[in-house]
Amino acid sequence: MSELKQVKVQLHTTVHNGEEKDTFELLTNGTLQKKGVTWYLRYDEVQADMGNVHTILKWAPEEVFIMRSGQVKMRQRFIKDLMTVGNYESQYGVMQMLTTTKSLEHSYDEAVQSGQMILKYDLNMNGADVGQYEMKITYKEENK
C-alpha cells in the first residue's frame, strides 16, 4: 500500500495525573500511506484556541515520530523504554518535552481496511511531570 489512502481518523487521548483523569477526542479526515515497514498518518486538528494544526505521525516498528505544525509546533520521538527529548512551541513560548515511552502498538486489518495505533508514555514538560498518556488512534479507509 504505497499509494495515499483517504481515511477517517479518531484520536482518543487519556491523561492520568495522580487522582485526576482527562480525556480528549478528535474526529477528522486524513491520509494514510505505507512505505516499506513505515506508516504515515496525516491529519489536521482544528481547535478554537489553536487554529489549524497539521499533524504527521510516522510509525515505524521500533519508533514513532510526531510532527505538528501551525499555531502549535511540536517534534517528538517515541522509542519503547527510552526517554526522548522534544520541543513544543506555541504562542506562549517553547517548552522542552521529555517522554518515556511505555508501549507502541500498531495493528492493521487488510480485510476491513482499518487499523489502530496505541502509544503509552509518561510526559514531562519543562521539568514538571504532566502525567501518563495513552493515545489511541483508530483509522479506517474511506470507500471511493
Side-chain angles (χ1 to χ4, degrees), residues 1-18 20-92 94-126 129-144:
M1 178 212 311
S2 62
E3 72 269 12
L4 208 58
K5 302 277 189 175
Q6 298 298 315
V7 292
K8 293 274 189 197
V9 179
Q10 178 180 8
L11 175 63
H12 181 94
T13 304
T14 304
V15 182
H16 294 275
N17 189 348
E20 295 181 32
K21 176 182 170 184
D22 290 313
T23 302
F24 306 95
E25 288 209 31
L26 171 72
L27 296 171
T28 189
N29 295 313
T31 61
L32 179 72
Q33 187 172 28
K34 184 178 182 191
K35 295 180 181 178
V37 296
T38 303
W39 295 79
Y40 294 86
L41 181 65
R42 296 171 179 86
Y43 58 89
D44 288 333
E45 300 174 54
V46 179
Q47 298 181 7
D49 58 337
M50 294 193 314
N52 194 27
V53 177
H54 182 66
T55 301
I56 300 173
L57 193 142
K58 178 182 173 185
W59 193 289
E62 303 295 325
E63 172 182 35
V64 174
F65 191 56
I66 298 177
M67 296 162 282
R68 299 172 85 196
S69 59
Q71 292 290 93
V72 169
K73 293 178 179 62
M74 182 191 100
R75 297 175 65 84
Q76 184 65 45
R77 290 174 65 204
F78 300 85
I79 302 171
K80 189 175 183 314
D81 298 327
L82 290 181
M83 179 184 287
T84 55
V85 179
N87 292 318
Y88 182 92
E89 182 180 342
S90 72
Q91 62 193 12
Y92 305 108
V94 178
M95 293 187 279
Q96 182 184 61
M97 297 173 56
L98 298 175
T99 57
T100 304
T101 305
K102 303 300 183 187
S103 69
L104 306 169
E105 301 171 31
H106 179 233
S107 61
Y108 178 76
D109 187 337
E110 185 76 42
V112 293
Q113 298 181 321
S114 70
Q116 186 173 70
M117 299 170 171
I118 301 174
L119 177 59
K120 296 179 182 176
Y121 58 95
D122 294 340
L123 177 62
N124 179 294
M125 305 244 339
N126 277 353
D129 288 329
V130 178
Q132 294 83 41
Y133 280 66
E134 179 177 351
M135 181 186 298
K136 185 183 298 185
I137 301 168
T138 306
Y139 58 88
K140 181 163 178 52
E141 292 179 29
E142 296 187 75
N143 296 326
K144 295 179 181 175

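- In this structure, the salt bridge (Lys or Arg N to Asp or Glu O under 4.0 Å) partners of D122, at least two apart in sequence or on a different chain, are K102.
- Rounding to the nearest 0.5 Å places CZ of F24 at 10.5 Å from NE2 of H12.
- Shortest non-hydrogen contact noted between G30 and V9 is N-CG2, 4.1 Å.
- Considering only residues two or more places apart in sequence or on other chains, M125 meets the side chain to side chain contact (heavy atoms under 4.5 Å, CB included) condition with Y88, M95, M97, L123, V130.
- The closest donor-acceptor contact from the side chain of T99 to the backbone of T101 lies at 3.5 Å or more, if one exists at all.
- Of all heavy-atom pairs spanning Y121 and M135, the tightest one is OH-CE, 3.8 Å.
- Contact between K80 and L104 at its shortest, heavy atoms only, is N-CD1, 4.0 Å.
- Not a single salt bridge (Lys or Arg N to Asp or Glu O under 4.0 Å) links R75 to another residue, sequence neighbours left out.
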Quiz item: For T31 and Q6, what are the C-alpha separation, side-chain angles and deciding distance, and is it a side-chain contact (heavy atoms from CB on, under 4.5 Å)?
Solution: CA-CA 5 Å; T31 61; Q6 298 298 315; 3.6 Å; yes

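- Within 6.0 Å of atom CD in E25, more than 12 heavy atoms from other residues, nucleotides or ligands are found, so the atom counts as buried in its surroundings.
- Nearest heavy-atom pair across D44 and T55 is OD1-N, 4.4 Å.
- In plain terms, the two heavy atoms of Q71 and V53 that are nearest each other are N-CG2, 4.4 Å.
- By the ring pair (Phe, Tyr, Trp, His ring centres under 6.0 Å) test, Y43 is found to be paired with no residue, residues two or more places apart in sequence or in another chain being considered.
- Within the model, atoms CG of L32 and CH2 of W39 stand 5.5 Å from one another, a figure rounded to the nearest 0.5 Å.
- Heavy atoms of other residues, nucleotides or ligands lying less than 6.0 angstrom from NZ of K73 number more than 12.
- Rounding to the nearest 0.5 Å places CD of Q116 at 4.0 Å from OG1 of T138.
- Note: Y108 and Y139 have parallel aromatic rings, judged against thresholds of 30 and 60 degrees for the angle between ring planes.
- A donor-acceptor contact shorter than 3.5 Å links the side chain of K140 to the backbone of V112.
- Partners of E63 according to the salt bridge (Lys or Arg N to Asp or Glu O under 4.0 Å) rule, which considers only residues two or more places apart in sequence or in another chain, are R77.
- Atoms CE and CD, from M74 and Q76 in turn, are 6.5 Å apart once rounded to the nearest 0.5 Å.
- Each of T28, L26, N52, V72 was checked for a side-chain contact (heavy atoms from CB on, under 4.5 Å) with E45, and the lone residue meeting it is L26.
- Between N29 and E142 the shortest side-chain heavy-atom distance falls below 4.5 Å.
- The salt bridge (Lys or Arg N to Asp or Glu O under 4.0 Å) search around K136 returns none, not counting sequence neighbours.
- Of the inter-residue distances, the one linking Q33 atom CD with E3 atom CD reads 8.5 Å to the nearest 0.5 angstrom.
- The CG atom of L41 sits 6.0 Å away from atom CD1 of I137, with the distance rounded to the nearest 0.5 Å.
- Contact check for K21 versus T14: side-chain heavy atoms found under the 4.5 Å cut-off.
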